[in-house]
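The structure presented is a predicted model; accordingly, all values stated were derived computationally and were not measured.
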Amino acid sequence: MQTLKLDENNNLVLDKNNLQILNGIEACAQDTRTRVGICRGENPYNTSQGADYFGEILGKMGGQDYVRDIIRERIGDNEEIVQINSLEIFHNKETMQVVAEISSIYGVFTI
């Protein structure tokens with residue numbers, strides 16, 4: 001697996017005017033973080049892609065298990081993922097943080 005490298009603000013990373021590329025486990029981990037973080041409608045090339053955080057998840061009556069199931073679905077929607085070893089969700093009124101240990105065909109990583 002290969003993907004373009006993104007920085008912490010989701011900007012493409014350049015090195016000497018060349019796009020940096022990630023391979024293997026680093027690419028899989030970055031793509032998984034992106035998959036979990038993208039909101040439905042945010043991708044201009046596929047507006048149905050992403051989790052409906054504002055419409056279905058945040059502030060709704062589904063509860064923690066409902067949110068966890070949606071996050072699991074987003075992570076598992078990648079053929080390189082073998083299993084989700086652990087998944088924790090922390091939230092307060094303003095933010096939600098997802099911490100997951102994931103086994104992929106490249107090895108184990110944490111997001």
Considering residues, nucleotides and ligands other than Asn9, do more than 12 of their heavy atoms fall under 6.0 Å from its CG? yes

Mind running side chain to side chain contact (heavy atoms under 4.5 Å, CB included) on Ile102 and Asn85 for me, showing each step along the way? CA-CA 5 Å; Ile102 300 165; Asn85 303 327; 5.9 Å; no

Heavy atoms only: give me the nearest Thr47-Arg40 pair and the separation to one decimal. O-CG, 3.4 Å

Are any of the side-chain heavy atoms of Leu19 and Leu14 separated by less than 4.5 Å? yes

Partner residues of Asp69 under the side-chain hydrogen bond (donor to acceptor under 3.5 Å, both in side chains) criterion, sequence neighbours left out: none

Could you check if a side-chain atom of Ile81 sits within less than 4.5 angstrom of a side-chain atom of Cys28, using non-hydrogen atoms only? yes

Value for CD (Gln97) from NE2 (His91), rounded to nearest 0.5 Å, stands at 12.0 Å

ILVMFWY network linking Met1 to Val13, side-chain heavy atoms under 4.5 angstrom: no

Set of side chain to side chain contact (heavy atoms under 4.5 Å, CB included) partners for Ala51, sequence neighbours left out: Tyr53, Ile57, Ile70, Arg74

Just jot down the side chain to side chain contact (heavy atoms under 4.5 Å, CB included) partners of Asn10, sequence neighbours excluded, or say none. Leu6

Can Val36 be reached from Tyr66 by stepping across I, L, V, M, F, W or Y side chains whose heavy atoms are under 4.5 Å apart? yes

Give a yes or no on whether Ile38 and Met96 share a hydrophobic cluster (residues Ile, Leu, Val, Met, Phe, Trp, Tyr; joining criterion: side-chain heavy atoms under 4.5 Å apart). no

Hydrophobic cluster membership, Ile105 vs Ile25, 4.5 Å side-chain cutoff: yes

By side-chain hydrogen bond (donor to acceptor under 3.5 Å, both in side chains) - contacts of Glu88 (at least two apart): none

In Å and rounded to the nearest 0.5 Å, what is the CG to CZ distance from Asn78 to Arg35? 4.0 Å

Look at the side chain of Gln30 and the backbone N and O of Leu4, then say whether any donor-acceptor pair between them is shorter than 3.5 Å. yes

Just how far is it from atom OG1 of Thr110 to atom CD of Glu101, taken to the nearest 0.5 Å? 5.0 Å

How many angstroms lie between CD in Glu80 and OG in Ser104, if you round to the nearest 0.5 Å? 8.0 Å

With sequence neighbours left out, what residues match Arg72 under side chain to side chain contact (heavy atoms under 4.5 Å, CB included)? Arg68, Ile84, Leu87

Nearest heavy atoms of Phe109 and Ile111, plus distance in Å: CE1-CG2, 3.7 Å

Count I, L, V, M, F, W, Y as connected when their side-chain heavy atoms are under 4.5 Å apart, and connections chain through other members. Are Ile75 and Leu22 then in the same cluster? no

side-chain hydrogen bond (donor to acceptor under 3.5 Å, both in side chains) partners of Glu26, counting only residues at least two apart: none

